[in-house]
Amino acid sequence: SGKQGFALAAAAADLGARVTLVTGPVTLADPPGVTTVRVESADEMLAAVTGLLPADIGIFAAAVADWRVARSADEKIKKDPKAGVPRLDLVENPDILKTIAHLKPGRRPALIIGFAAETENVIEHAKRKRKSKGCDWIVANDVSPETGVMGGDRNTVHVITASGVDSWPELNKDSVAERLIAAAAEEIGRLTDKA
Ligand code: C5P
């Protein structure tokens, strides 16, 4: 739905950050105080995000499809009894989070936060995902249909960092956003102090 990502952008702007929100096609209105860039595809999203660097913090909350159709038709595909059912070939989309997280220091945002939507073994899968994506934090949520997280207003998350797992109570997505942005602001303060 984009609700969690939009809430994060709004919360960061409220805290005084300069925020650009890159979003796919969702029905939500631009949050006030945020520059919103609307894209249609994963390739466009990667190009938009790359064009915004350098940035202190990158948060990747978009549910990007792993695959896209290899060729899209310009016209309606007509039924053809001789050709039968058309084949749908897929090609891989770029992994935006992984690409940005593997940029060299300086170009790479100092704090990169990814999301992991899981339906089982949420924490284990998310810990593995933090490593494979190369991000600093992963916010894991259980999106099994019975949780109502997808498209809903509430979320129960586990924040996974290099030092462990912090499990938060069920909160509305605005509160998840406020807490996460407060934690990110603290962390970027620590990281920049060290630098
Ligand atoms: O691999 P999976 O989709 O489970 O990983 C989720 C995380 O990766 C999210 O932060 C999502 O925004 C990001 N992602 C991405 N590009 C993709 C697929 C996922 O940036 N093509």
Side-chain angles (χ1 to χ4, degrees), residues 1-12 19-26 28 31 34 36-70 72 89-104 107-145 147 149-152 155-162 165-166 168 173 176-177 179-181 183-184 187-188:
S1 66
K3 282 181 183 169
Q4 188 62 80
F6 274 57
L8 284 158
V19 182
T20 304
L21 168 66
V22 181
T23 177
V26 297
L28 303 170
V34 168
T36 302
V37 176
R38 295 194 181 253
V39 298
E40 295 280 337
S41 68
D43 282 326
E44 285 171 18
M45 185 171 274
L46 176 60
V49 169
T50 307
L52 288 166
L53 300 176
D56 295 319
I57 303 177
I59 304 181
F60 297 79
V64 186
D66 290 325
W67 314 96
R68 66 171 182 275
V69 288
S72 53
D89 289 323
L90 301 178
V91 291
E92 205 167 343
N93 264 335
D95 190 315
I96 302 161
L97 169 60
K98 201 170 185 172
T99 305
I100 302 298
H102 284 88
L103 293 174
K104 54 179 188 297
R107 186 97 175 116
R108 179 196 191 277
L111 178 61
I112 296 193
I113 306 173
F115 273 71
E118 304 287 352
T119 56
E120 45 157 8
N121 298 331
V122 176
I123 293 174
E124 276 325 300
H125 284 156
K127 277 185 176 168
R128 246 178 275 154
K129 196 160 288 178
R130 194 183 77 83
K131 297 230 169 83
S132 65
K133 300 271 184 178
C135 58
D136 303 295
W137 298 358
I138 278 273
V139 181
N141 48 7
D142 186 342
V143 295
S144 310
T147 64
V149 168
M150 284 288 186
N155 209 353
T156 309
V157 306
H158 311 272
V159 180
I160 291 151
T161 67
V165 182
D166 195 8
W168 295 359
K173 289 181 178 176
V176 169
R179 274 174 80 144
L180 191 69
I181 293 299
E187 179 70 5
I188 201 70

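One is the number of the first residue; the rest follow in order along the sequence. Indexing begins at 1, ligand by ligand and atom by atom, following the structure's order.
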For Asp56, is the CG atom crowded, meaning more than 12 foreign heavy atoms sit under 6.0 Å from it?
no
Verdict with reasoning, Ile138 to Arg128, per side chain to side chain contact (heavy atoms under 4.5 Å, CB included)
CA-CA 10 Å; Ile138 278 273; Arg128 246 178 275 154; over 6 Å; no
Between Ala116 and Ala126 the two heavy atoms that sit nearest each other are CB-CB, 4.2 Å
Kindly indicate whether the side chain of Trp168, heavy atoms from C-beta on, has any atom under 4.5 Å from the side chain of His158.
no
Using a 4.0 Å cut-off on heavy atoms, what residues surround ligand 1? Order them by chain and number.
Phe60, Ala62, Val64, Ala65, Asp66, Pro94, Asp95, Ile96, Leu97, Gly114, Phe115, Lys129, Lys133
Do Asp66 and Glu92 pass the side chain to side chain contact (heavy atoms under 4.5 Å, CB included) test, and can you show the C-alpha distance, the side-chain angles, and the key distance before you say yes or no?
CA-CA 6 Å; Asp66 290 325; Glu92 205 167 343; 5.7 Å; no
Picking from Asp142, Asn141, Thr147, what satisfies side-chain hydrogen bond (donor to acceptor under 3.5 Å, both in side chains) with Ser144?
Asp142
